[in-house]
Amino acid sequence: MCWSATADLVAGTAVTAVGLVCVARVRRARDLPVAALPLLLGLHQLVEAAVWGTGGGCSPAATAWAVIALPLLAVWVPAGVLLAAAPAARRRLWGPAAVGLATAAALAYGLASGPVTAEIRGRTIGYGVNVPWTPLVLTGYLFATLGALLLAGNRWLRTLGVVLSVGALACSALWRLEFASTWCAFAAVASLLVLGWVRGREPAAGGH
């Protein structure tokens, strides 16, 4: 999320461009989900640019935003990390992947059982989503996404996990102050870290 439609549009376009480079450079099919993560983050910001344009309320754009942010990422991140991981790291990544699947099911149920609403709050957007068993689901979501990255056994992905953890804390604090969302900045940094990971996976560079 960014602080305006223009910021979301610019940042989303830049992050999407990095994602296209990542996907173009990936050499192993099992690395594709992680390499495509910037594409997903960029699309997410472009969708939010459309949410700004609606002025809030219920809209297809708000629903699409929630689908990407909640059930899709809860499955995508841990499954992608598991697929790309070295054999020695895979055993410890089954936990986040399983939790992510269960969390995504709960989130999908919540989205299906009630409308998603968006409210413009100064320089940020507040989303109203029906999330069942909120503390448990939130814990599962963080363990599935951030936990998978931190347990990946790869320095680029561990760094990505740290950056996104800091980003989640910072954006949560700023959202509570209803000042501005800085998620777009963290998404940009995340996309560059994924690009570094992709480059490290290239045969000439060795590295996992």
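Count residues from 1 along the sequence.
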Audit row: Val198, Asp31, side-chain contact (heavy atoms from CB on, under 4.5 Å) steps and yes/no: CA-CA 8 Å; Val198 168; Asp31 293 342; over 6 Å; no
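Using a 4.5 Å heavy-atom cutoff, the side chains of Leu73 and Tyr141 are in contact. By the 4.5 Å heavy-atom criterion applied to side chains, Trp197 and Leu160 are not counted as neighbours. Within the 4.5 Å cutoff, side-chain heavy atoms of Glu48 are placed close to those of Tyr127. No side-chain heavy atom of Pro78 sits under 4.5 Å from any side-chain heavy atom of Leu93. Residues Pro33 and Leu83 form a side-chain contact, since some pair of their non-hydrogen atoms from C-beta on lies under 4.5 Å apart. Two residues are said to be in side-chain contact when any heavy atoms from C-beta on lie closer than 4.5 Å; Leu111 and Thr63 fail this criterion. No side-chain heavy atom of Asp8 sits under 4.5 Å from any side-chain heavy atom of Leu46. In this structure, the side chains of Leu149 and Arg158 stay at 4.5 Å or more apart for every pair of heavy atoms.
In the hydrophobic cluster analysis, where Ile, Leu, Val, Met, Phe, Trp and Tyr join through side-chain heavy atoms closer than 4.5 angstrom, Leu136 is grouped together with Leu138. Under the 4.5 Å side-chain contact rule for hydrophobic residues, Val166 and Leu157 share a cluster. If you chain together hydrophobic residues whose side chains sit under 4.5 Å apart, Trp76 and Ile68 fall into the same group. Residues Val81 and Val189 fall within the same hydrophobic cluster, defined by Ile, Leu, Val, Met, Phe, Trp and Tyr side chains chained together at heavy-atom separations under 4.5 Å. Val116 and Val67 fall within the same hydrophobic cluster, defined by Ile, Leu, Val, Met, Phe, Trp and Tyr side-chain heavy atoms under 4.5 Å apart, directly or through other members.
Considering every non-hydrogen atom in both Val194 and Val34, the closest pair reads CG1-O, 3.4 Å. Here the closest heavy-atom approach between residue Pro96 and residue Leu151 is recorded as CG-CD1, 4.1 Å. Looking at every heavy atom in both residues, Ala118 comes nearest to Ile125 through CB-CG2, 4.0 Å. The nearest pair of heavy atoms linking Arg27 to Arg25 is NH1-O, 2.7 Å. Nearest approach of Ala89 to Ala152, heavy atoms of both residues: CB-O, 3.6 Å. Closest of all the heavy-atom pairs between Pro38 and Gly19 is CB-CA, 3.5 Å.
Rounding to the nearest 0.5 Å places CG of Leu164 at 11.0 Å from CG of Leu142. Here the SG atom belonging to Cys22 is positioned 10.5 Å from the CZ atom belonging to Arg199, to the nearest 0.5 angstrom. To the nearest 0.5 Å, the span separating CG on Leu192 from OG1 on Thr159 amounts to 13.0 Å.
In this structure, His44 contributes its side chain and Trp65 its backbone to a donor-acceptor pair below 3.5 Å. Using a distance-only test at 3.5 Å, with no hydrogens or angles considered, a donor-acceptor pair links the side chain of Ser113 to the main chain of Gly110. Looking only at distances, no side-chain donor or acceptor of Arg201 sits under 3.5 Å from a matching main-chain atom of Arg28.
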